[in-house]
Amino acid sequence: DPHPELANEEVSVIFVEHRDNLKIRKIFNKVNKYARQTSRSDNIITSDDDILAVISRKLITEGEPLAPIGSIDVVNWKSNTLSQRSKHLSTLSALYTIADTLLKDERFSTNVLPSEERLEEAYAYVSHFWKVLLDGLSVFTQYMALTRADRPVSVLREQNLLMKPITQMALAHVARTAKAKNIPWEEIVRRLDRVNWSFDNELWFNILVIGSANRKMITGKESVRSAGIIISYLVMGNVMTQSEIAEVRSIFCNAKNDESVSLPAMVEAD
């Protein structure tokens, strides 16, 4: 025996009567979540009490907007990051954050599921967010076409910021603002598709990307929110209040380190 010292070790074992899979899943989730910290992705995959996790998982099931295409997963559910050569469009962690942003005003508990009716309404809203993006953004339709043909999508990721989960998270803030102003998401997405999402667009320097050299994305909850505010201005600045415009100006001037810099041009309405 290469490890004789283990002969005297004591190991705790818990026996649980198996009555249904749901009960076992919940026990597994609780034990792993609190006894030894599990990863964010593992928590999203196993939690049956968290509405945001339930919604995120449903989005990637068969027949839903972000379901696998053939043998290719559209969403990376194993890791929170995407490599340059990754075939994924987004991550499960990003889907969770996006659902959280979209449903923030509903004040759902993440410990107890709401009624089936409220759950269905919440899912319909988040699902609609993704369906409209996938149908209305040119880079996403290109991604879907390439993936159906099992071709690389690395060029898209190199060129377009919308292929980054951080940008997708920022769009959730845009959708929330559009909803508050009663502007159809379809209309906003048509305008978003006319925005220059290139890494080389200086508009995004210090807002979504750190300069142009290494093309590193700016992360952090507040940074994502700030990016969402700037994007919201681009597509619906004409209906923003004076206080909202003032916040846009503050964020933009701070990013450019110039108090006199002019705000970027808005995308014209249809």
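The figures here come from the full heavy-atom set of this structure, side chains too, leaving out hydrogens, waters and symmetry mates.
One hydrophobic cluster, built from ILVMFWY side chains closer than 4.5 Å, holds both Met266 and Met236. Hydrophobic clustering keeps Leu161 apart from Leu82 (ILVMFWY residues linked when any side-chain heavy atoms are closer than 4.5 Å, directly or through intermediates). Criterion: ILVMFWY side-chain heavy atoms under 4.5 Å apart, direct or through other members. Under it, Val224 and Phe252 are part of a common hydrophobic cluster. Following chains of ILVMFWY side-chain contacts shorter than 4.5 Å, one can reach Val139 starting from Tyr143, so the two form part of one hydrophobic cluster. Cluster annotation: Val74 is not connected to Ile72 through the hydrophobic network of ILVMFWY side chains, with a link wherever side-chain heavy atoms come within less than 4.5 Å.
Minimum heavy-atom separation, Tyr96 to Arg40: CD2-NH2, 3.3 Å. Minimum heavy-atom separation, Met240 to Ile245: CB-CD1, 3.7 Å. Closest heavy-atom contact between Pro65 and Leu134: O-CD1, 3.5 Å. Taking every heavy atom of both residues into account, Lys164 and Phe199 meet most closely at CE-CZ, 3.7 Å. Taking each heavy atom of Asp49 and Asn111 in turn, the nearest pair found is CB-O, 3.1 Å. Scanning both residues, Leu89 and Arg157, for their nearest heavy atoms gives O-NH1, 4.5 Å.
Defined by atom type and a distance below 3.5 Å, a donor-acceptor pair is missing between the side-chain atoms of Tyr233 and Glu247.
Around atom CG of Asn257, no more than 12 heavy atoms belonging to other residues, nucleotides or ligands sit under 6.0 Å away. By the 6.0 Å contact criterion, CD on Gln84 is enclosed, its count of non-hydrogen atoms from other residues, nucleotides or ligands being greater than 12. For CD of Glu202, the number of neighbouring non-hydrogen atoms (other residues, nucleotides, ligands) closer than 6.0 Å is 12 at most.
The backbone N or O of Ile44 sits nowhere less than 3.5 Å from a side-chain atom of Ser47 that would complete a donor-acceptor pair. The backbone N or O of Gly220 lies less than 3.5 Å from no partner atom in the side chain of Arg225, so there is not a single donor-acceptor pair. Between the Asn201 side chain and the Asn196 main chain, a donor and an acceptor come within less than 3.5 Å of each other. Remark: the backbone N or O of Leu102 is not paired with any side-chain donor or acceptor of Arg176 at under 3.5 angstrom. Of the possible polar contacts, none joining the Thr167 side chain to the Met163 backbone as a donor-acceptor pair under 3.5 Å is found. No donor-acceptor pair under 3.5 Å is formed between the side chain of Arg191 and the backbone N or O of Val267.
A salt bridge between Arg249 and Glu244 is absent, with no side-chain N of the basic residue lying under 4.0 Å from a carboxylate O of the acidic one. Between Lys87 and Asp73 there is no salt bridge, since no side-chain N of the basic residue sits under 4.0 Å from a carboxylate O of the acidic one. No salt bridge links Lys131 with Asp135; every basic N to acidic carboxylate O contact stays at or beyond 4.0 Å. A salt bridge does not link Glu186 to Arg190: none of the charged side-chain nitrogens sits closer than 4.0 Å to a carboxylate oxygen. Lys78 has no carboxylate O lying under 4.0 Å from a charged side-chain N of Asp42, or vice versa, which leaves the two without a salt bridge.
Remark: Ser56 OG to Ile51 CD1 distance equals 10.0 Å, nearest 0.5 Å. In this structure, the separation between CG on Leu52 and CG on Asn43 is 12.5 Å, given to the nearest 0.5 Å. Atom OG of Ser226 and atom CG of Asn254 lie 8.5 Å apart (nearest 0.5 Å).
Under the side chain to side chain donor-acceptor pair (under 3.5 Å) test applied with Ser41, the options Thr46, Asn76, Asn80, Thr91 reduce to a single match, Asn80. Here the options are Thr177, Leu203, Leu192, the test is side chain to side chain contact (heavy atoms under 4.5 Å, CB included), and the partner is Ile231; only Leu192 passes.
Looking at heavy atoms from C-beta onward, Leu95 lies in side-chain contact with Trp130 at the 4.5 angstrom threshold. Here the side chains of Gln168 and Leu133 are not in contact, with every heavy-atom distance at 4.5 Å or above. Counting only heavy atoms from C-beta outward, the side chains of Val209 and Met217 approach each other to under 4.5 Å.
For Glu106, the salt bridge (charged side-chain N to carboxylate O under 4.0 Å, His left out) partners two or more places apart in sequence, or in a different chain, are Arg118.
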**OP:** Give the intermediate values and the outcome of salt bridge (Lys or Arg N to Asp or Glu O under 4.0 Å) for residues Lys179 and Asp105.
**Re:** CA-CA 11 Å; Lys179 183 180 180 183; Asp105 298 325; over 6 Å; no

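Taking the centre of each ring, Trp185 and Phe129 come in below the 6.0 Å mark.
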